[in-house]
Amino acid sequence: MSTKDFLEKDYYKVLGVSKTATPDEIKKSYRKLARKYHPDANKGDAKAEERFKEISEANSVLSDPKQRKEYDDARSLFGGGFRSPGAGGAGSFPFDLGDIFGGADTSAGSRGRVGDIFGGMFGGRTSQQTRPRRGADVETEATLSFTDAIDGTTVGLRLTGEAACPTCRGTGAKSGSVPRVCPTCEGTGQSSRNLGSFAFSEPCKECRGRGLVVDDPCPACSGSGRAMSTRTIQARIPAGVADGQRIRLKGKGTSGEHGGPPGDLYVRVHVTPHPIFGRSGDNLTVTVPVTFTEAALGAEIKVPTLRGVPVSIRIPAGTPSGRTFRAPGKGVRRKDGTNGALLVTVSVQVPAKLNGTAREALESFRDATAGEDPREDLLRRAKQT
């Protein structure tokens with residue numbers, strides 16, 4: 001991505017969002033477009049692959065608050081053409097971005113672009129194009145079972161993105177040849193242009209800012225030194241990850257250029273529901289049926305846990321349906337090594353069928369409690385309203 005691209009490309013338009021779009025809106029649009037134009041879904045479609053590169057480039061800038069601010073500031077500054085006082089102190093003259101940057105296509109990163117532009121305007125010398133460039137961050141998704149999300153797991157992730165061309169190993173030169181130092185800029189990647197009171201440093205047109213000239217370009221990457229590649233990595237997902245959580249894996253993104261460090265990989269986790277257990281923060285939840293007599297007379301019941309070893313819960317006499325009890329240490333593992341609780345909610349079950357003995361017993365209970373009306377207070381309060 002060149003400095004000229006950084007200023008002239010409308011990344012908001014590429015992602016189909018407004019300039020005031022929130023990070024979530026940018027992320028949602030990127031995911032939708034990335035799925036549509038992903039090389040795996042459009043095998044052999046060069047246009048789709050190029051579109052995917054544009055989308056990834058736009059997202060790498062707009063998803064990073066610092067890079068997005070630099071991008072917005074630069075486009076705001078140069079959006080209407082930069083104007084500066086003339087040599088005689090009167091009037092002004094416009095600069096065209098094509099004149100300033102000479103149509104260069106470098107592999108400079110977005111960080112520090114604005115500072116490099118001003119450094120070049122006032123006679124400064126910069127080698128920003130040949131500095132190490134950090135690789136782009138990559139985002140992907142992974143779906144885990146409920147148990148794996150609680151206990152942690154290792155998953156294989158298949159990633160597609162730009163990397164050094166495997167054919168030429170990033171040199172851009174055909175096998176059996178090597179790039180040579182650019183004779184125009186002597187390997188700096190920069191050339192200087194004097195415009196009256198100002199001196200501009202710009203990417204060298206001969207080598208396009210690389211500092212090297214490729215006489216016999218690699219047929220696989222056309223001399224760019226970069227190519228789309230697919231790789232599979234093993235990623236460790238920590239214990240206790242929640243549905244929708246974003247995990248950062250440092251150094252697992254796109255490889256850097258000119259010796260720069262790789263970017264980071266961000267994994268958005270999706271957790272499939274469990275048929276029995278739920279989750280509330282660091283606690284697990286479960287609903288357990290109990291009989292009417294257990295709730296009325298009290299009982300000690302066995303409750304399942306996620307790891308298969310039941311625990312005993314004491315239900316006191318007179319427990320109403322819907323009451324929740326805690327089983328400490330049976331929940332989600334926290335970062336400090338401790339565990340949350342298992343929250344057990346009891347649900348009093350009403351028998352669908354009764355045999356003769358059971359019916360007689362309940363009828364006797366009904367007669368013994370005939371003087372009690374659980375709705376008496378409700379009816380009284382209703383009359384008062």
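- Of all the heavy atoms in Pro262 and Gly251, the pair that sits closest is CG-O, 3.5 Å.
- Contact check for Lys353 versus Arg359: no side-chain heavy atoms found under the 4.5 Å cut-off.
- Using a cutoff of 4.0 Å between basic side-chain nitrogens and carboxylate oxygens, Asp377 and Arg381 are scored as salt-bridged.
- Grouping the Ile, Leu, Val, Met, Phe, Trp and Tyr side chains by contacts below 4.5 angstrom, directly or via other members, places Val214 apart from Leu212.
- Considering NZ of Lys36 and CG of Asn42, their distance stands at 9.5 Å, rounded to 0.5 Å.
- Here the side chains of Ile150 and Arg307 are in contact, with some heavy-atom distance below 4.5 Å.
- In this structure, the ring of Tyr11 has its center less than 6.0 angstrom from the ring center of Tyr71.
- Phe277 is connected to Val311 through a chain of hydrophobic side-chain contacts under 4.5 Å among Ile, Leu, Val, Met, Phe, Trp and Tyr, so both are in one cluster.
- Residues Asn283 and Ser280 bring no donor and acceptor atom of their side chains to less than 3.5 Å of each other.
- The closest side-chain donor-acceptor pair between Ser145 and Thr147, if any, does not fall under 3.5 angstrom.
- Here the side chains of Tyr266 and Ile247 are not in contact, with every heavy-atom distance at 4.5 Å or above.
- Annotation: Arg246, atom CZ; neighbour count of heavy atoms from other residues, nucleotides and ligands within 6.0 Å is above 12.
- Checked for salt-bridge contact, Glu141 and Arg31 meet the test: a charged N lies under 4.0 Å from a carboxylate O.
- Counting only heavy atoms from C-beta outward, the side chains of Val303 and Leu342 approach each other to under 4.5 Å.
- Annotation: side chain of Leu362 is not in contact with side chain of Arg366 (no heavy-atom distance under 4.5 Å).
- With salt bridges taken as basic N to acidic carboxylate O contacts below 4.0 Å, none links Lys252 and Asp264.
- Between Asp282 and Arg333, none of the side-chain N atoms (NZ, or NE/NH1/NH2) sits under 4.0 Å from a carboxylate O, so this pair counts as no salt bridge.
- Leu157 CG to Ile233 CD1: the interatomic distance, rounded to the nearest 0.5 Å, is 5.5 Å.
- When only modelled atom types and interatomic distance are considered, Thr338 and Asp336 share a side-chain donor-acceptor pair under 3.5 Å.
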One pair to check against side chain to side chain donor-acceptor pair (under 3.5 Å): Tyr30 and Arg35. What are the steps and the verdict? CA-CA 8 Å; Tyr30 166 68; Arg35 282 194 292 267; over 6 Å; no
Go through it in stages, so that I can follow the logic: the residues are Ser312 and Lys302, the test is side chain to side chain donor-acceptor pair (under 3.5 Å), and I'd like the CA-CA distance, side-chain angles, deciding distance and then a yes or no. CA-CA 5 Å; Ser312 296; Lys302 293 287 186 180; 3.2 Å; yes
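- The neighbour count for Glu376 CD, taken as heavy atoms of other residues, nucleotides or ligands under 6.0 Å away, does not exceed 12.
- Annotation for Cys221 and Gly172: closest pair SG-CA, 4.2 Å, computed over non-hydrogen atoms.
- Residues Cys182 and Cys204 share a closest heavy-atom pair of SG-SG, 3.8 Å.
- Within a 6.0 Å sphere centred on NZ of Lys53, heavy atoms belonging to other residues, nucleotides or ligands number more than 12.
- Pairing each heavy atom of Gln349 with each of Pro289, the nearest pair is CG-CB, 3.5 Å.
- The hydrophobic clustering, which links ILVMFWY residues whose side-chain heavy atoms are closer than 4.5 Å, places Val344 and Ile276 together.
- No continuous path of ILVMFWY side-chain contacts below 4.5 Å connects Val346 to Leu343, so the two sit in separate hydrophobic clusters.
- Put simply, the side chain of Ile315 reaches to within 4.5 Å of the side chain of Phe325, judged on heavy atoms.
- Under the 3.5 Å distance criterion, with hydrogens and angles disregarded, no donor-acceptor pair is assigned to the side chains of Thr287 and Ser347.
- Looking only at side-chain heavy atoms (C-beta outward), Val271 and Arg279 stay at 4.5 Å or farther from each other.
- Looking at heavy atoms from C-beta onward, Val155 lies in side-chain contact with Leu144 at the 4.5 angstrom threshold.
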